Amino acid sequence: MHTPDPHRSAAVPPARPTRRAAALALAAVTAAVGLVAAAQGGAGAAVQGSLDAGTQFYKDPTSQAVRWVAANPGDYRTPVISKRIASQPQGIWFANYRPDTITSDVRTVTSAAAQAGQVPVLVAYMIPNRDCGGASAGGAPDLSSYDAWVGKFAAGLGSSRSVVVLEPDSVSLTTCLSAQQQNDRFASLARAVTTIHAANPNAKVYLDGGHSTWNSASEQANRLRSAGVQNSDGFFTNVSNFNTTANESSYAHGVLNALGNPGNLHAVIDTSRNGNGPAGSAWCDPSGRKIGNYPTAATNDSGIDAFLWIKPPGEADGCAAAAGTFVPDIAYQLAVNASDPSTPPTSQPPTSQPPTSQPPTSQPPTSQPPTGNASCSIAYRANSWAGGFTADITVKNTGSSAISGWKLAWTFPGDQKITSAWNATVTQNGTSVTATDLGYNGTLAAGASTSFGLQATYGSNNTTPTAFTLNGTACTTS
């Protein structure tokens, strides 16, 4: 009998909530997380340690979303949930402490995936003092038992390609641990990485990278070093969070940079419900969220291995229902305004200096023409490397009335050339640039703001623009 084990991380202080509302962990193959990341081997890999863009990921036929769809064929929500959530590859969480069955539980998944010609994604969630005793408390009784559990977990991996998401929150959430306990935990995580790679050299192992509104990139890099990241395949970010793909990509590159940009390390990003960003500081079943990038390893970013659905869309954080419970209303809300999934791109990630991730695949409705002038401020934040950069641009309505539709214009002082953008339609004519809202983000109440991003190249001059106009009115910069 499968015993559910709802698990979710507690929120950290308000300035940096983990928002790790958790998955319903079931023994063996039942659980639904929506992670995508894995590797097809051989010559197709663009960079050592990166994932093949054409990877086919294992789709769990027993996930909660799949089972709900099968049980509710006549429900008005079923077509949307079926096509946009249940159809997607999902990872499998192992969060019940069953040392006697963990090897066979893992082998059940890896064998089924190998038979299907797909790559499974496995989430190991068993570190002692898990969630610092919060809503997802549990795990192995001590580190010695955990080390043994990891060995048995690894024994079920077989020899085919697999992806292991190792212990969400374990590196980022350590406020309940003494300095010695933290060191002991990190040492155990480092041993786990080595154990898994020794059991299956084809397994890719990612450690906890937190997210962009939690620890700083430099702090997270220091922690990851202590946890043995140098022997892993990288780290994951944004698990159960809502931070935008652009922000997480920028953060991930910051962590990689702090680690010295080693060629064997990359990041994977949870995009399961970040399609329109966070709802302020709300982390527990906030309304109005949307699925982000569909799972894919075709990120067109040599530093980002995959966009993942680690948090299974539709599973509650613990407010709308018990943590891990599949709630069709949540799933429907996340999916109804998203685009239908398309076949993942087959192009290889670039081998040049990393750009940022592609924009979310969800296409919002076409915007209406802007009306009226605006009082505004603009924050332009660039993340540069030799020959390229990304920019996150925040548009804020500083006036006393709402803006209905916006068009932002500026002139590049240098020789920048935009190659892609997200959360806005961006066009360039010479040095002149115009960014227009996408409808869903076109209305800005007084005091409200929205953000979009772009990726660009430059030759010799990447001077930051300082003059912006919104609907024809000059904006201040911050």
Side-chain angles (χ1 to χ4, degrees), residues 1-8 20-39 51 55-68 85-99 101-127 130 136 138-139 149-150 152-158 160-170 192 196 199-200 202-206 208 236 239-240 268 270 272 295 297 306 308-315 323-326:
M1 180 176 68
H2 300 302
T3 303
D5 179 21
H7 60 277
R8 137 183 114 59
R20 163 160 220 20
L24 183 64
L26 302 175
V29 298
T30 53
V33 179
L35 168 69
V36 138
L51 299 181
T55 297
Q56 295 297 308
F57 305 108
Y58 180 58
K59 298 179 181 180
D60 179 13
T62 63
S63 72
Q64 292 198 83
V66 169
R67 286 184 281 128
W68 184 87
I85 291 180
S87 68
Q88 295 306 299
Q90 297 188 356
I92 310 297
W93 287 70
F94 296 86
N96 292 330
Y97 185 61
R98 297 192 181 98
T101 64
I102 184 60
T103 300
S104 60
D105 291 345
V106 173
R107 187 177 293 125
T108 297
V109 177
T110 56
S111 297
Q115 186 174 7
Q118 298 173 345
V119 179
V121 178
L122 315 170
V123 184
Y125 192 54
M126 199 56 62
I127 199 76
R130 187 173 70 194
S136 298
W149 182 88
V150 169
K152 294 178 179 180
F153 173 95
L157 292 174
S160 297
R161 294 280 183 173
S162 61
V163 168
V164 177
V165 174
L166 188 63
E167 302 301 337
D169 286 352
S170 61
I196 293 169
N200 181 1
N202 289 319
K204 291 195 174 294
V205 186
Y206 298 89
D208 171 38
F236 53 87
V239 170
S240 295
V268 291
D270 186 351
S272 61
L308 319 173
W309 281 9
I310 300 177
K311 165 70 179 181
E315 292 192 10
T325 303
F326 183 80

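All figures in this text were calculated on a predicted structure; none of them were measured in a lab. In what follows, every heavy atom counts, from backbone to side chain, and hydrogens, waters and symmetry copies are set aside.
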Would a 4.5 Å heavy-atom cut-off, applied to side chains only, mark [X] and [Y] as touching?
X	Y	value
N96	D105	no
S160	T110	no
P312	F326	no
V121	P89	no

Compare every heavy atom of [Y] with every heavy atom of [X], then report the nearest pair and how far apart it is.
X	Y	value
D208	S170	OD2-N, 3.3 Å
A113	P120	CB-CD, 3.6 Å
R161	V119	O-CG1, 3.6 Å
I102	K152	CG2-CB, 3.4 Å
Y58	A112	OH-CB, 3.5 Å
A86	V66	O-CG2, 3.6 Å

Check against side-chain contact (heavy atoms from CB on, under 4.5 Å), V164 and Y206: CA-CA 6 Å; V164 177; Y206 298 89; over 6 Å; no
Partners meeting side-chain hydrogen bond (donor to acceptor under 3.5 Å, both in side chains) with E167 (sequence neighbours left out): Y146
Step-by-step side-chain contact (heavy atoms from CB on, under 4.5 Å) determination, V239 to V165: CA-CA 10 Å; V239 170; V165 174; 5.5 Å; no
Give a yes or no on whether the backbone of [Y] and the side-chain of [X] come within a donor-acceptor separation of less than 3.5 Å.
X	Y	result
Q64	G314	no
Q118	K59	yes
D270	K311	yes

Point-to-point distance, once rounded to the nearest 0.5 Å, from CE of M126 to CZ of R98: 8.5 Å
Parallel, tilted or perpendicular: rings of F153 and F94 (30°, 60°): perpendicular
Chi angles and distances behind the side-chain contact (heavy atoms from CB on, under 4.5 Å) call for I196, L157: CA-CA 8 Å; I196 293 169; L157 292 174; 3.6 Å; yes
